[in-house]
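Model, not experiment: these values are computed from the prediction.
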Amino acid sequence: MDLLTDLDARGLIHDSTDRAALGARLAAGPLSVYVGFDPTADSLHVGHLVGQLYLRRFQQAGNKPFPLAGGATGMVGDPSGRSEERNLLDIDTLRYNVSRIEAQLQRLLDFSPGKYQAKLVNNADWTEPLTLLDFLRDVGKHVTINQMLAKDSVRSRLETDNGLSFTEFTYSLLQANDFRHLYEHEGVELQAGGSDQWGNIVAGVDLIRRHLGKSAHAMTHPLVTKSDGTKFGKSVGGAVWLDADKTSPYQFRQFWIQVDDVMVARYLHMFSLQPLDDTLQVIEQHETAPERRVAQRTLADELTALVHGAEALEAARAATDVLFGGDPSSASEATLAAVAREVPSSVVSRAALDDLVAVLVSAGLASSNGDARRTLQQKGFRANGVQLAEDSQLTGLNLLHGRYLLLRKGKTNHHLLEIS
RNA sequence: GGGUCGGUACCCAAGCGGCCAAAGGGAGCAGACUGUAAAUCUGCCGGCACAGCCUUCGAAGGUUCGAAUCCUUCCCGGCCCA
């Protein structure tokens, strides 16, 4: 199966320039492709994973990927998909963000020397030296205001009272210039991205045609959505980050485990790097016994290993076995230590255990004493798997390995207490 | 600058002198069911030393036995006029 057919079957093609021409070009030999990531935060999140994996899919199919960090575009702010002007980040924050994102962009792709070696680029490298007059003559002259005004991202903003600053208005020109630069200097012929990037990407294709007289390709993937229409990639605590310090491997894996049934097949298609036939088989299995959550587990394991490594996946799985396995008393000490790294934990004195309500509050499982009492009344807490009541005593319970107590609120909120 | 309407808990929104810790909806949390899913149903959803008390209805003063509700000033937002 060729790459385009595979991408299409996975629902990963939303739009593309001349599909036949692109297919022919891919068949003719290795192609260089780029996807850009702006440093709006100090980490990428799961929403960026589709773009990263796009590059990986291209690389696996024998093409050369160029992940791009938007050191320059990040300074300006992309108006696409935004109803209001962005706040500009200060330079120090931006530099920091770029450094973090660059580190993340160096994963998932093969950077070892060779024909298909990935190459990390930063658009600040060619944008910063550019003078305003150069930009106006070399880029601006090839673009008409009429075209720019016709773009969805611009038009929608003009229709509201929020308006659009000149700065954001020029964003797509910067991005177009990136594509032009990479085409000219690195032979990059294709830019991919989310469907919200279509206008910006095509602006680059146009610029390459007008300025260089060459034709380039554009392709977008659909944005990942959730079944209820809310933004994908947000969990209770906010975004699901790729940075292990911001979202632990355990939490990351949980995010995928908890994906609901109606979306799991779609996500598996979009995110899995396994052969399509294998994926279809997993989905079939899942449908015969959805309660086993085979699809969710497959997806969660693959992505956790991909993003955080095999070792982190094992640790996350071990923690999951303890936390969701029912009886934690059989867990080894090493496993409990691993659990402590994956879920919130704290150290309390033996004497402090006398006050159950205070323990629950200090563990963060209840927001106030009243909240703790109410949830106790509603049978919402467990300690070492045993349901607690208002008059329960923690001191009567056997500590795991003489020093741990595993608290749980509801099904998914855990806290490990270490008794000093 | 003038006029006018508004600012109520996480969000939306009712209340317009006592019956108000404040209706209703959403979000959230817990329980039942189940599968770490969805849907549904039930309960909770300011704080505390919890049949009681304390703090809250943009802010500060005032009227009143009593104010989210009335008055004054101020701050912020929408709309209209300039």
Expressed as a whole number of Å, how far does the C1' atom of B:U42 sit from that of B:C48?
-> 27 Å
Report the distance from atom CD of A:Gln377 to atom P of B:C29, rounded to the nearest whole Å.
-> 19 Å
Could you give the distance separating B:G7 and B:U56 at their C1' atoms, to the nearest angstrom?
-> 15 Å
How is A:Gly410 classified with respect to the nucleic acid when contacts are heavy atoms under 4.0 Å: base, sugar-phosphate, or nothing?
-> sugar-phosphate
A:Arg10/A:Asp6 ion pair, N-O < 4.0 Å = yes
Reckon A:Lys411 has a side-chain N or O less than 4.0 Å from the OP1 or OP2 of B:A37?
-> yes
Nearest of B:A30, B:G47, B:A49 to any side-chain atom of A:Arg373?
-> B:A49
Starting at atom CD of A:Gln378, determine the distance to atom C1' of B:C45, rounded to an integer number of angstrom.
-> 9 Å
Under the salt bridge (Lys or Arg N to Asp or Glu O under 4.0 Å) criterion, do A:Arg317 and A:Asp301 qualify, and how do the steps go?
-> CA-CA 9 Å; A:Arg317 289 179 69 144; A:Asp301 286 353; 2.8 Å; yes
Residues A:Asp261 and A:Arg293 bridged, charged N to O under 4.0 Å = no
When the distance from CZ of A:Arg292 to P of B:U34 is rounded to whole Å, what number comes out?
-> 19 Å
In whole angstrom, give the distance that lies between atom CZ of A:Arg382 and atom P of B:A30.
-> 13 Å
Between B:G46 and B:G24, how far apart are the P atoms? Round to whole Å, please.
-> 12 Å
Do A:Gln258 side-chain and B:U36 base share a donor-acceptor contact under 3.5 Å?
-> yes
Is the shortest side-chain N to carboxylate O distance from A:Arg19 to A:Asp8 below 4.0 Å?
-> yes
Rounded to whole angstroms, how far apart are NE2 on A:His286 and C1' on B:A38?
-> 11 Å
So, is A:Asn413 close to the B:A30 phosphate, meaning a side-chain N or O under 4.0 Å from OP1 or OP2?
-> yes
Looking only at side-chain N and O atoms, does A:Ser368 come under 4.0 Å of OP1 or OP2 in B:C48?
-> yes
Quick one: label A:Gln254 by what it contacts on the DNA or RNA (base, sugar-phosphate, nothing), any heavy atom closer than 4.0 Å.
-> base
Just how far, in rounded Å, is P of B:U42 from NZ of A:Lys379?
-> 18 Å
Looking at the side chain of A:Asp260, which of B:U36, B:A38, B:C44 is the nearest nucleotide?
-> B:A38
Tell me which nucleotide among B:G43, B:G47, B:A37 gets nearest to the side chain of A:Asp261.
-> B:A37
Salt-bridge criterion met for A:Lys246 and A:Asp42 (N-O under 4.0 Å) | yes
Rounded to whole angstroms, how far apart are CD on A:Gln296 and P on B:A38?
-> 10 Å
Any-strand Watson-Crick or G-U partner of B:G77, both distances under 3.5 Å = B:C5
Pairing partner (Watson-Crick or G-U wobble, both distances under 3.5 angstrom) of B:U72 = B:A60
Roughly how many Å is it from CD in A:Gln387 to C1' in B:A30, rounded to a whole number?
-> 11 Å
Got a donor-acceptor pair under 3.5 Å from the side chain of A:Arg293 to the base of B:G35?
-> yes
Do any N or O atoms from the side chain of A:Lys119 and from the backbone of A:Phe66 form a donor-acceptor pair under 3.5 angstrom?
-> no
The Watson-Crick or G-U wobble partner of B:A23, with both key distances under 3.5 Å, is none
Where each residue is assigned the nucleotide of RNA chain B containing its nearest heavy atom, which of A:Glu291 and A:Ser367 is assigned the position nearer the 5′ end?
-> A:Glu291
P atom, B:C65 versus B:C20: distance in rounded Å?
-> 23 Å
State the pairing partner of B:A67; accept Watson-Crick or G-U wobble contacts with both distances under 3.5 Å, and report none otherwise.
-> none
Take atom P in B:G58 and the same atom in B:A14, then report the distance between them in whole Å.
-> 14 Å
Flag for A:Gln175-A:Gln191: side-chain donor and acceptor within less than 3.5 Å = yes
For B:C29, which nucleotide is its Watson-Crick or G-U wobble mate, given both distances must be under 3.5 Å?
-> B:G43
Polar side-chain contact A:Asn369-B:G47 base: donor and acceptor under 3.5 Å | no
Please measure how far the P atom in B:C19 lies from the corresponding atom in B:G3, and state the result in whole Å.
-> 35 Å
If you pin A:Arg374 and A:Phe381 to their nearest nucleotides in RNA chain B, which one's is more 5'?
-> A:Phe381
Between B:G18 and B:C29 - C1' atom distance, rounded Å = 34 Å
Would you tell me whether A:Glu128 and A:Asn123 have side-chain atoms, one donor and one acceptor, within less than 3.5 Å of each other?
-> no
Look at A:Thr375 and B:C29 and indicate whether a side-chain polar atom (N or O) is within less than 4.0 Å of OP1 or OP2.
-> no
Between B:U40 and B:G25 - P atom distance, rounded Å | 14 Å
